[in-house]
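Contents: one structure, followed by commentary.
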Amino acid sequence: MNELDYYIEYLIKNNKDSIAIFDFDYTLTYSESESSIGVFTKYLPKEYRTKKQIIDKFSNIINNKFFMMIIWKYKLNLLSKYYNKQILEKINYNKDFILNKNVLKMMKKLSDNNVETLIYSSGIKDIITNVLKSNKVMFNKSKIFANDIDVDSKKINKNIITPKNKRIKHNNYKYVILFGDKKEDLNIIKKSLKILVKDDDCIIIDRWW
């Protein structure tokens with residue numbers, strides 16, 4: 001048994017006091033996969049792609065939570081103008097997204113053993129849900145928290161999640177394990193077991209003790 005397997009078993013033994021939190025893009029998927037926001041550039045017109053490229057340039061250089069929130073609002077508002085059921089139905093969820101089966105296997109094991117599991121992402125909730133459903137990997141104990149756009153009203157959920165504000169303030173769990181592809185993904189809860197995911201590599205960068 002390796003160290004990570006040991007911690008997984010420890011969470012299962014203490015399932016009433018434990019929670020496992022996963023980023024989605026490039027954590028539950030591989031790095032060559034589309035992202036749950038980026039995938040729309042394949043299906044939306046040039047006008048959208050051009051504007052998104054400009055927004056992305058700013059988001060790549062910003063290192064401030066406040067300005068990142070403004071940029072993310074612009075990004076979601078731009079997407080909302082084109083957001084509808086037809087676009088969601090056009091997306092090839094099996095081809096565009098390459099699932100990381102190793103991380104999903106751990107997620108399934110935790111969920112099957114009554115550990116609360118949470119997907120917490122700055123991506124798009126409908127895309128994440130459809131990817132998991134199309135690949136038949138929805139788990140009973142799993143919940144998804146991500147940016148949500150209503151397909152009919154085009155309204156954006158006011159609780160916007162950006163890469164810079166990924167924090168869960170109220171945590172009643174004694175044991176928390178976090179999986180993410182960037183160190184900032186692992187700042188959701190300070191006292192936690194932090195796993196940095198780089199495709200097939202899962203690197204422990206912080207522990208409970």
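Any value given below was found using the heavy atoms of this structure, including those in side chains, with hydrogens, waters and symmetry copies removed.
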Quiz item: What about Y30 and V137, same hydrophobic cluster or not, with Ile/Leu/Val/Met/Phe/Trp/Tyr joined at side-chain heavy-atom distances under 4.5 Å?
Solution: no

Quiz item: Is there a donor-acceptor pair under 3.5 Å between the side chain of T50 and the backbone N or O of E47?
Solution: no

Practice problem: Measure the CZ-OG1 distance between F179 and T27 for me, rounded to the nearest 0.5 Å. | Solution: 9.5 Å

Quiz prompt | Salt-bridge present (K16, E116; N to O < 4.0 Å) | solution = no

Quiz item: Testing I119, V176, T117 for side-chain contact (heavy atoms from CB on, under 4.5 Å) with I21, which one passes?
Solution: V176

Quiz prompt | K42 with D96: basic N within carboxylate O range, under 4.0 Å | solution = yes

Quiz item: At what distance, to the nearest 0.5 angstrom, does CD1 of I124 lie from CD1 of I128?
Solution: 8.0 Å

Quiz item: Hey, is the main chain of D126 close enough, under 3.5 Å, to the side chain of D148 for a donor-acceptor pair?
Solution: no

Quiz item: How long is the gap from OH on Y173 to CG on N14, to the nearest 0.5 Å?
Solution: 13.5 Å

Quiz item: Is it true that atom CZ of F145 has more than 12 heavy atoms of other residues, nucleotides or ligands lying nearer than 6.0 Å?
Solution: no

Quiz item: Is there a side-chain contact between N114 and I12, using heavy atoms and a 4.5 Å cut-off?
Solution: no

Self-check item: Where D25 and E34 come nearest, the two heavy atoms and their spacing
Solution: OD1-O, 4.3 Å

Quiz item: Going by heavy atoms in the side chains, are R207 and E3 under 4.5 Å from each other?
Solution: yes

Exercise. Taking all non-hydrogen atoms of both residues into account, name the closest pair between D23 and G180 and its distance.
Key: CB-CA, 4.0 Å

Exercise. Report yes if some heavy atom in the side chain of M68 is under 4.5 Å from a heavy atom in the side chain of S59; otherwise report no.
Key: yes

Quiz item: Taking side chain as C-beta onward, heavy atoms only, is I160 less than 4.5 Å from L76?
Solution: yes

Exercise. Look at K85 together with E89 and state whether they make a salt bridge at an N to O cut-off of under 4.0 Å.
Key: no

Quiz item: What is the minimum heavy-atom distance between G123 and S36, and which atoms define it?
Solution: CA-OG, 3.2 Å

Quiz prompt | Distance-only side-chain donor-acceptor flag, D150 / Y83, under 3.5 Å | solution = no

Please table the atom pairs, donor to acceptor, closer than 3.5 Å between any side-chain atom in residues 98-107 and protein atoms at least two apart or in another chain.
{"from": "N100", "atom 1": "OD1", "to": "N102", "atom 2": "N", "distance (Å)": "3.2"}
{"from": "N100", "atom 1": "OD1", "to": "V103", "atom 2": "N", "distance (Å)": "3.3"}
{"from": "N100", "atom 1": "ND2", "to": "D199", "atom 2": "O", "distance (Å)": "2.8"}

Quiz item: Would Y10 and Y175 satisfy ring pair (Phe, Tyr, Trp, His ring centres under 6.0 Å), going step by step from the backbone distance to the final call?
Solution: CA-CA 9 Å; Y10 194 89; Y175 304 107; 5.2 Å; yes

Quiz item: Parallel, tilted or perpendicular for F97 and F24, by the 30°/60° rule?
Solution: tilted

Quiz item: Do N147 and I156 come close enough that some side-chain heavy atom pair is under 4.5 Å?
Solution: no

Quiz prompt | Between OG on residue S18 and NZ on residue K174, distance to nearest 0.5 Å | solution = 9.5 Å

Quiz item: Which is it for F22 and L118 under the side-chain contact (heavy atoms from CB on, under 4.5 Å) test, yes or no, and what are the steps along the way?
Solution: CA-CA 6 Å; F22 297 80; L118 175 69; over 6 Å; no

Quiz item: Which is it for E9 and K109 under the salt bridge (Lys or Arg N to Asp or Glu O under 4.0 Å) test, yes or no, and what are the steps along the way?
Solution: CA-CA 9 Å; E9 293 298 329; K109 184 174 182 178; 2.6 Å; yes

Quiz item: Taking a hydrophobic cluster as the set of Ile, Leu, Val, Met, Phe, Trp and Tyr residues connected by side-chain heavy atoms closer than 4.5 Å, whether directly or through intermediates, do W72 and Y26 fall within one such cluster?
Solution: no

Quiz prompt | ILVMFWY network linking I149 to I70, side-chain heavy atoms under 4.5 angstrom | solution = yes

Quiz item: About how many Å separate CG of D206 and CG of L178, when rounded to the nearest 0.5 Å?
Solution: 9.5 Å

Exercise. Considering only NZ, NE, NH1 and NH2 on the basic side and carboxylate oxygens on the acidic side, decide whether D56 and K52 come within less than 4.0 Å.
Key: yes

Quiz item: Heavy atoms, side chains only, cut-off 4.5 Å: are I127 and I91 in contact?
Solution: yes

Quiz item: Once you round to the nearest 0.5 Å, how far does CD1 of I37 lie from OG of S121?
Solution: 7.5 Å

Quiz item: So do L196 and L186 actually touch side chain to side chain, heavy atoms under 4.5 Å?
Solution: yes

Exercise. Answer whether the closest heavy-atom distance between the side chains of D112 and L110 falls below 4.5 Å.
Key: no

Practice problem: State yes or no: do F66 and F58 share one hydrophobic cluster built from I, L, V, M, F, W and Y residues joined by side-chain heavy-atom distances below 4.5 Å, directly or via other members? | Solution: yes

Practice problem: Report the C-alpha distance between L4 and I177 in whole Å, list the side-chain angles of each, state the deciding distance to 0.1 Å, and finish with yes or no for side-chain contact (heavy atoms from CB on, under 4.5 Å). | Solution: CA-CA 10 Å; L4 182 53; I177 187 170; 4.2 Å; yes

Quiz item: Should N130 and Y93 be marked as a side-chain hydrogen bond (donor to acceptor under 3.5 Å, both in side chains) after you check the CA-CA gap, both sets of side-chain angles, and the distance that decides it?
Solution: CA-CA 7 Å; N130 289 344; Y93 296 102; 3.0 Å; yes

Quiz item: Are F40 and Y82 close enough that their ring centers fall under 6.0 Å?
Solution: no

